[in-house]
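Here is the structure we will look at.
Numbering of ligands and ligand atoms starts at 1, following listing order. All values reported here derive from a predicted model rather than from experimental measurement. All residue numbers refer to positions in the sequence shown, counting from 1.
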Amino acid sequence: MGVIARYRQHLPVGPATPDVDLGEGSTPLVPSQNIGRALGLKHLYFKYEGLNPTGSFKDRGMVVAVARALEGGSRVLMCASTGNTSASMAAYAARTGLRAIVVVPSGEIALNKLSQALMYGAKVVALKGNFDFALQTVRELTSHHQVALMNSVNPDRIEGQKTAAFEIVDELGDAPDYLVLPVGNAGNITAYWKGFREYHAAGRVSRLPRMVGAQAEGAAPIVTGTPVTNPKTVASAIRIGNPASWEGATSARDESGGMIAAVTDTEILAAQIRLASSEGLFAEPASAAPLALLFRLVRDRKIERDSTTVVVLTGSGLKDPDAALKNVEPPIELDGDARTLAKVLKL
Ligand SMILES: *Cc1c(COP(=O)(O)O)cnc(C)c1O
């Protein structure tokens with residue numbers, strides 16, 4: 001069952017909205033086995049969004065936005081993307097027979113994300129310039145043509161993405177104390193906060209979480225308070241200098257008593273390896289940014305030991321293996337038999 005079927009009464013869909021469903025959502029909330037203990041945190045969970053149909057949380061919002069675009073009579077969908085939005089939009093367009101056009105910053109997106117958009121049959125334009133310019137260009141074009149804008153400035157995207165907050169509450173029985181996630185264009189932090197507040201208004205939770213956002217040091221406009229002209233980070237999904245939902249992110253931070261802080265690429269890659277090698281969870285670099293920030297908050301004693309913390313792993317590690325492979329030992333090349341193998345392995 002996808003997110004529209006599961007959370008229909010909380011979404012802007014009605015009897016006339018077409019059923020669109022790739023089985024998105026209902027991702028596992030995995031309790032930490034090792035990192036939580038090492039940090040002294042009793043209740044640490046990972047919301048493993050990499051298990052969505054196209055490998056990132058983007059599918060939650062995209063399914064609602066595509067259903068609504070179909071309902072409104074759209075035939076052509078368009079987005080600017082650092083990779084995952086384009087993969088998701090292209091998949092749902094393929095599913096529903098719509099045309100998909102994606103605009104990506106030339107040379108800036110991970111190969112596997114690009115291959116998804118191409119395989120799903122989207123028309124891909126690699127535009128010279130960064131993501132912020134691509135989004136500006138797409139916004140301008142879609143305001144003059146009969147083409148539906150599918151970036152997270154489309155409110156239906158936020159509506160669908162808020163279902164991740166519902167799932168966490170439905171599983172834990174209440175809101176966590178801390179929700180830690182990466183912040184790029186800031187749609188997701190906006191969506192989670194909306195989801196928690198809606199459940200709060202409906203009496204489904206007794207408290208609201210503190211929203212903790214992680215940006216990368218070279219792309220931290222919300223942390224510094226000024227747009228970044230040339231955002232730089234290994235975490236391509238959050239390589240964004242002028243977030244479209246800036247306001248939503250600062251509201252979530254301020255209303256929840258949370259924070260948004262920056263981590264370095266070195267911290268991100270270290271957290272990514274630790275997550276994979278000590279929990280069995282392979283997430284892309286952007287998804288490791290909140291874990292890197294959590295390490296620092298625990299070190300600075302900013303998080304209580306008995307608090308419940310959920311770290312959102314936004315995308316699968318298979319999306320961008322190149323970034324990860326720079327930091328692990330390569331395979332052992334061997335020409336030999338079982339004896340030589342045992343010797344090489346020092347067994
Ligand atoms: C899109 C994305 C983000 C950033 O989310 P925003 O809503 O743009 O803040 C983080 N991680 C991954 C894997 C993403 O695909």
Side-chain angles (χ1 to χ4, degrees), residues 24 27 46-62 65 79-89 91 102 104 108-110 112-114 116-117 131-132 134-135 150-155 157-162 164-165 179-195 211-216 219-223 231 233-250 252-253 260 263 268 271-272 275 281-293 311-320 323-324:
E24 63 291 321
T27 55
F46 300 104
K47 182 66 170 161
Y48 197 30
E49 290 288 280
L51 289 191
N52 276 294
T54 76
S56 85
F57 74 85
K58 298 297 198 300
D59 295 338
R60 293 178 182 277
M62 200 57 76
C79 69
S81 178
T82 60
N84 285 335
T85 298
S86 64
S88 185
M89 189 191 82
V102 311
V104 299
E108 299 254 337
I109 87 164
N112 293 12
K113 300 179 186 181
L114 185 63
Q116 286 182 289
F131 169 81
D132 302 285
L135 179 55
M150 303 304 277
N151 281 96
S152 58
V153 290
N154 177 331
R157 287 272 314 277
I158 305 293
E159 291 297 316
Q161 284 175 207
K162 78 186 177 190
L179 192 283
V180 196
L181 80 174
V183 176
N185 218 19
N188 211 28
I189 190 171
T190 304
Y192 268 93
W193 184 234
K194 187 167 198 288
M211 302 293 290
V212 178
Q215 297 206 291
I222 298 175
V223 179
T233 167
V234 66
S236 57
I238 52 171
R239 192 184 293 146
I240 292 173
N242 193 9
S245 299
W246 193 314
E247 183 76 41
T250 50
R253 176 193 65 195
I260 297 176
V263 290
I268 289 172
Q272 187 190 23
L275 179 67
L281 297 170
F282 186 20
E284 66 171 278
S287 307
L291 182 60
L293 180 56
V311 175
V312 184
L313 303 179
T314 46
S316 164
L318 297 175
K319 290 277 195 174
D320 189 7

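Residue Val183 approaches ligand 1 through these ligand atoms, each under 4.0 Å from one of its heavy atoms: 9 (O). Every atom of ligand 1 is numbered from 1 in the order shown, and the set under 4.0 Å from a heavy atom of Gly315 is 13 (C). The atoms of ligand 1 that sit less than 4.0 Å from any heavy atom of Asn84 are 12 (C), 13 (C), 14 (C), 15 (O). Listed by atom number, the atoms of ligand 1 under 4.0 Å from Glu284 heavy atoms are 13 (C). Here is the list of ligand 1 atoms found below 4.0 Å of a heavy atom in Ala286: 11 (N). Close contacts between ligand 1 and Gly184 involve ligand atoms 4 (C), 6 (P), 8 (O), 9 (O) [criterion: under 4.0 Å to a heavy atom].
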task = Evaluate side chain to side chain contact (heavy atoms under 4.5 Å, CB included) for Asp320 paired with Asn112, printing each intermediate quantity in order.
result = CA-CA 6 Å; Asp320 189 7; Asn112 293 12; over 6 Å; no
request  = Report the C-alpha separation of Leu135 and Asn185 in whole Å, then their side-chain angles, then the decisive distance to 0.1 Å, and conclude whether the side chain to side chain contact (heavy atoms under 4.5 Å, CB included) test is met.
outcome  = CA-CA 10 Å; Leu135 179 55; Asn185 218 19; 3.8 Å; yes
request  = Report the C-alpha separation of Ser56 and Thr314 in whole Å, then their side-chain angles, then the decisive distance to 0.1 Å, and conclude whether the side chain to side chain donor-acceptor pair (under 3.5 Å) test is met.
outcome  = CA-CA 6 Å; Ser56 85; Thr314 46; over 6 Å; no
task = Any chance you could lay out the side chain to side chain contact (heavy atoms under 4.5 Å, CB included) test for Thr27 and Phe57, step after step, and finish with the verdict?
result = CA-CA 9 Å; Thr27 55; Phe57 74 85; over 6 Å; no
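Residue contacts with ligand 1: Phe57 is placed with no nitrogen or oxygen under 3.5 Å of a nitrogen or oxygen of the ligand (distance criterion only). In terms of polar-atom proximity, defined here as any N/O pair under 3.5 Å, Asn185 does make such a contact with ligand 1. In terms of polar-atom proximity, defined here as any N/O pair under 3.5 Å, Gln161 makes no such contact with ligand 1. Backbone and side-chain nitrogen or oxygen atoms of Gly187 are examined, and one is located within less than 3.5 angstrom of a nitrogen or oxygen of ligand 1. By the 3.5 Å distance cut-off applied to N or O atoms, Ala186 is counted among the residues near ligand 1. Between Thr314 and ligand 1, at least one pair of N/O atoms sits closer than 3.5 Å.
In this structure, atom 2 (C) of ligand 1 lies nearest to the protein heavy atom Lys58 NZ, 2.5 Å.
Between the Arg157 side chain and the Gly61 main chain, no donor and acceptor come within less than 3.5 Å of each other. Using modelled atom types, no side-chain atom of Asp59 and backbone atom of Ser88 make a donor-acceptor pair closer than 3.5 Å.
The shortest distance between side-chain heavy atoms of Lys194 and Glu159 falls below 4.5 Å.
Evaluated for a side chain to side chain donor-acceptor pair (under 3.5 Å) with Asn188, the options Arg60, Glu49, Gln161, Lys162 yield exactly one hit, Gln161.
Across the listed options Ile240, Ile238, Ile158, Ile238 owns the non-hydrogen atom lying nearest to atom 4 (C) of ligand 1.
Contact annotation: for Asn188 versus ligand 1, heavy atoms closer than 4.0 Å belong to both the backbone and the side chain.
Not a single heavy atom of Ser152 sits less than 4.0 Å from an atom of ligand 1.
The CE atom of Met211 sits 4.5 Å away from the CG atom of Leu179 when rounded to the nearest 0.5 Å.
Remark: Ser236 engages no residue in a side-chain hydrogen bond (donor to acceptor under 3.5 Å, both in side chains) (not counting sequence neighbours).
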